[in-house]
Amino acid sequence: MSGEVDLCGVSEFATAVYAALRQARWSRRLVVDLREVTLFGAAGLHVLDDLQFRCTREAVRLWVLASDAAVIGPLRATGLDKHLCVVAADACHTGRGR
């Protein structure tokens with residue numbers, strides 16, 4: 001995802017993550033990459049909370065990649081960072097430079 005995930009963009013976000021969940025059922029792993037999101041509003045937080053619930057119900061492990069305060073701040077402010085596996089972008093290894 002990129003850009004803004006707020007009331008106006010949440011439908012596209014929800015469609016994408018729920019489709020990804022359907023695909024992740026066989027691997028039991030789902031990564032939601034929010035590194036290019038510039039605004040993450042309450043509607044996006046609600047979708048992530050619901051996605052975590054669905055992942056738990058279907059035994060799918062969920063990781064959220066985030067790099068910007070626009071995403072990390074709202075996750076921390078609402079306490080969702082305590083219920084999600086949030087990985088800071090600088091902790092991600094790209095495999096470059098080997």
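Residue pairs meeting the side-chain hydrogen bond (donor to acceptor under 3.5 Å, both in side chains) criterion with at least one member in residues 73-84, sequence neighbours excluded, do not occur. The ring pair (Phe, Tyr, Trp, His ring centres under 6.0 Å) analysis of residues 13-47, with sequence neighbours excluded, yields the pairs F13-F40. Residue pairs meeting the salt bridge (charged side-chain N to carboxylate O under 4.0 Å, His left out) criterion with at least one member in residues 10-29, sequence neighbours excluded, are R25-E58.
In terms of hydrophobic clustering, with Ile, Leu, Val, Met, Phe, Trp and Tyr side chains grouped at heavy-atom distances under 4.5 Å, V47 and I72 are assigned to different clusters. Tracing side-chain contacts under 4.5 Å through hydrophobic residues (I, L, V, M, F, W, Y), one reaches L30 starting from L80; they form part of the same cluster. At a threshold of 4.5 Å between side-chain heavy atoms, the hydrophobic network of Ile, Leu, Val, Met, Phe, Trp and Tyr places V87 and V31 in one connected group.
Interatomic distance, Q52 CD to R57 CZ, rounded to the nearest 0.5 Å: 12.0 Å. For the atom pair R61 CZ and T56 OG1, the distance stands at 9.5 Å (nearest 0.5 Å). Between the CG atom in L62 and the CG atom in L21 there is a gap of 8.5 Å [rounded to 0.5 Å].
Within 6.0 Å of CG on L39 lie more than 12 heavy atoms contributed by other residues, nucleotides or ligands.
Considering every non-hydrogen atom in both P74 and A69, the closest pair reads CD-O, 3.4 Å.
Checked against L34 for a side chain to side chain contact (heavy atoms under 4.5 Å, CB included), the options D68, L65, V64 give a single hit: V64.
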